[in-house]
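Single-structure report; data block below.
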There are 2 protein chains.
Amino acid sequence: MTKHTHDVSDLTKNQALVMNALSSANGPLSAYTILDELREHGFRAPLQVYRALDKLVEFGLVHRLESLNAFVACRHPSCEGESKEAVLFTICEKCGNVQELISESVVKSLKGLAEEIEFSLKESVIELRGICTDCKAA
Amino acid sequence: MTKHTHDVSDLTKNQALVMNALSSANGPLSAYTILDELREHGFRAPLQVYRALDKLVEFGLVHRLESLNAFVACRHPSCEGESKEAVLFTICEKCGNVQELISESVVKSLKGLAEEIEFSLKESVIELRGICTDCKAA
DNA sequence: ACAAATATGTAATAGTATTACAATAACAAT
DNA sequence: ATTGTTATTGTAATACTATTACATATTTGT
Ligand SMILES: [Zn+2]
Ligand SMILES: [Zn+2]
Ligand SMILES: [Zn+2]
Ligand SMILES: [Zn+2]
């Protein structure tokens, strides 16, 4: 039986390297950017990155941004388990800044909708595109 | 000044061909699937498809499904203009069925959230993954 | 020690999207 | 009609993203 919580000490070598690359980045990274950063640590092929990413996403430590084809370290205390239905991102189209949030009100309306149309919701992809506060000011 | 409404009669030859391919499909198609279908009509290169898709998406006649890397004809009377903030999709992970919806309640909570965090929302990507009614029954 | 399961290495390939440049067609204004 | 302008199309090459297939190594449980 797999454990239901995960921290860095649970990770394999490659997973830890990828996790570290994402954690120390100030925003989302593409798989190939991660690969390039980890070549000095022995990475040679995309699959090494993709395999690690698969696991990290499964563990809830990393999120995939579908509209960017990129990955970002989770900034929440716990996005594991059920909260995959809930997490959402804002993406600034000017500066690229990405913010991770959970909105109870959004979750509620989505679950209500799903129930209404009898759709068995497993996971929500919610990516809000626009201009962030900082860029509006400037 | 560009017109604010678009129907098939406004479209260029390539745009019309791509629109027709998507309209007659019963679900989303990838750009390369469209290309293959249109080879018999003279299409030779991906760019012919992507250029048409760009315009069709801009017109609101076609939506891009980010989590599928695919495109689908709009099934709504009018998804043009402001409603890009509002449209959402359910995607059945079993049968691949895609449904396009607008939920006032979801729109409202998203706009409320955006206002709260002072994010200037231009467009929402909302793709709900799960199991559709038909597949639950079976 | 042994078997089973998990993780890793490597190469090849498949799938998605854009850049660059040339040619053509559509359109408006002389 | 001719010119200048813009939008559209054609084509090739390239870049970016992700998976399949197969071999090897490591970890885990007994
Ligand atoms: Zn998270
Ligand atoms: Zn910004
Ligand atoms: Zn629509
Ligand atoms: Zn289904």
Side-chain angles (χ1 to χ4, degrees), chain A residues 1-3 6 8-22 25 27-59 61-72 91 93 96 125 127, chain B residues 1-3 6 8-22 25 27-59 61-72 91 93 96 125 127:
Chain A
M1 193 54 181
T2 316
K3 274 190 291 182
H6 297 271
V8 182
S9 60
D10 292 322
L11 302 178
T12 67
K13 191 185 65 158
N14 286 1
Q15 288 161 16
L17 284 166
V18 170
M19 189 67 217
N20 187 58
L22 282 171
L29 300 178
S30 79
Y32 278 76
T33 301
I34 295 171
L35 173 58
D36 285 340
E37 286 192 12
L38 294 181
R39 282 192 196 281
E40 50 187 318
H41 295 289
F43 273 43
R44 312 286 307 271
L47 197 49
Q48 295 176 292
V49 177
Y50 283 109
R51 283 201 278 228
L53 285 171
D54 281 351
K55 288 295 184 182
L56 294 170
V57 169
E58 184 187 323
F59 297 160
L61 296 173
V62 166
H63 299 288
R64 168 147 216 259
L65 295 167
E66 299 289 346
S67 66
L68 293 177
N69 289 340
F71 301 84
V72 67
I91 301 173
E93 291 180 333
V125 173
E127 301 176 12
Chain B
M1 194 56 183
T2 316
K3 273 190 291 181
H6 298 271
V8 183
S9 60
D10 292 321
L11 302 178
T12 66
K13 191 186 65 158
N14 287 1
Q15 288 163 15
L17 284 165
V18 170
M19 190 66 218
N20 186 59
L22 283 171
L29 300 178
S30 80
Y32 278 75
T33 301
I34 295 170
L35 174 57
D36 285 339
E37 286 192 12
L38 294 181
R39 281 191 196 282
E40 50 187 319
H41 295 289
F43 273 44
R44 313 284 307 271
L47 197 49
Q48 295 175 293
V49 176
Y50 282 110
R51 283 202 277 228
L53 286 171
D54 281 352
K55 288 294 184 182
L56 294 171
V57 168
E58 184 186 324
F59 298 160
L61 296 173
V62 165
H63 299 289
R64 168 147 215 261
L65 295 167
E66 299 289 347
S67 67
L68 294 177
N69 289 340
F71 301 83
V72 67
I91 301 173
E93 291 180 333
V125 173
E127 301 177 11

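Side-chain atoms are counted along with the backbone in the values below, which use heavy atoms only and exclude waters and symmetry mates. Order of the sequence lines sets the chain letters (A, B, ...), proteins ahead of strands, with each chain counted from 1.
To the nearest angstrom, C1' of D/dT8 lies 8 Å from CG of B/Asn14. In this structure, CG of B/Asp10 is placed 16 Å from P of C/dA26, rounded to the nearest angstrom. The NE2-P distance, from B/His41 to D/dT9, rounds to 15 Å in whole Å. Atom CZ of B/Phe59 and atom P of D/dA7 are 12 Å apart (whole Å). Rounded to an integer number of Å, the gap from CG of B/Leu11 to P of D/dA7 is 17 Å. Atom P of nucleotide D/dT17 and atom CD of B/Glu66 are separated by 14 Å, given to the nearest angstrom. Atom CG in B/Leu35 sits about 13 Å away from atom C1' in D/dT11, given to the nearest Å. Residue A/Leu53 contributes atom CG, which lies 15 Å from atom C1' of C/dT8 at whole-angstrom precision.
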Check your understanding: Going through the checks in order, is the side chain to side chain contact (heavy atoms under 4.5 Å, CB included) test met by B/Val18 and B/Val62?
Key -> CA-CA 10 Å; B/Val18 170; B/Val62 165; 6.0 Å; no
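Contact annotation: B/Thr12 reaches the phosphate of D/dT9 (side-chain N/O to OP1 or OP2, under 4.0 Å). The phosphate of D/dT9 has neither OP1 nor OP2 within less than 4.0 Å of any side-chain N or O from B/Gln48. The shortest distance between the side-chain N/O atoms of A/Lys13 and the OP1/OP2 oxygens of D/dT26 is not below 4.0 Å.
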Pairs under 3.5 angstrom, nitrogen or oxygen only, protein versus nucleotides 15-20 of chain C, please.
residue: C/dA17; atom: OP1; partner: B/Arg64; partner atom: NH2; Å: 2.1
residue: C/dA17; atom: OP2; partner: B/Tyr50; partner atom: OH; Å: 3.0
residue: C/dA17; atom: O5'; partner: B/Tyr50; partner atom: OH; Å: 3.4
residue: C/dA17; atom: N7; partner: B/Tyr32; partner atom: OH; Å: 2.7
residue: C/dA17; atom: N6; partner: B/Tyr32; partner atom: OH; Å: 3.3

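Remark: A/Leu35 CG to A/Leu29 CG distance equals 12.0 Å, nearest 0.5 Å. Note that the CG atom of A/Leu22 and the CG atom of A/Leu56 stand 7.5 Å from one another [nearest 0.5 Å]. Atom CG in A/Asn20 sits 13.5 Å away from atom CD in A/Gln15 (nearest 0.5 Å).
With axes fitted over five pairs at each extremity, the angle between the ends of the helix from C/dA1-D/dT30 to C/dT30-D/dA1 is 30° (10° resolution).
One finds a salt bridge joining B/Arg39 and B/Asp36 here, because a Lys/Arg side-chain nitrogen approaches an Asp/Glu carboxylate oxygen to under 4.0 Å.
In this structure a side-chain-to-backbone donor-acceptor pair under 3.5 Å is present from B/Glu127 to B/Glu66. Remark: the backbone N or O of A/Lys55 is not paired with any side-chain donor or acceptor of A/Glu58 at under 3.5 angstrom.
Between A/Tyr32 and A/Val49, every side-chain heavy-atom pair lies at or beyond the 4.5 Å cut-off.
Listed here is the closest heavy atom pair of A/Gly27 and A/Val72: C-CG2, 4.3 Å.
Both A/Arg44 and A/Lys55 lie near DNA chain C, and the one whose nearest nucleotide falls closer to the 5' end is A/Lys55.
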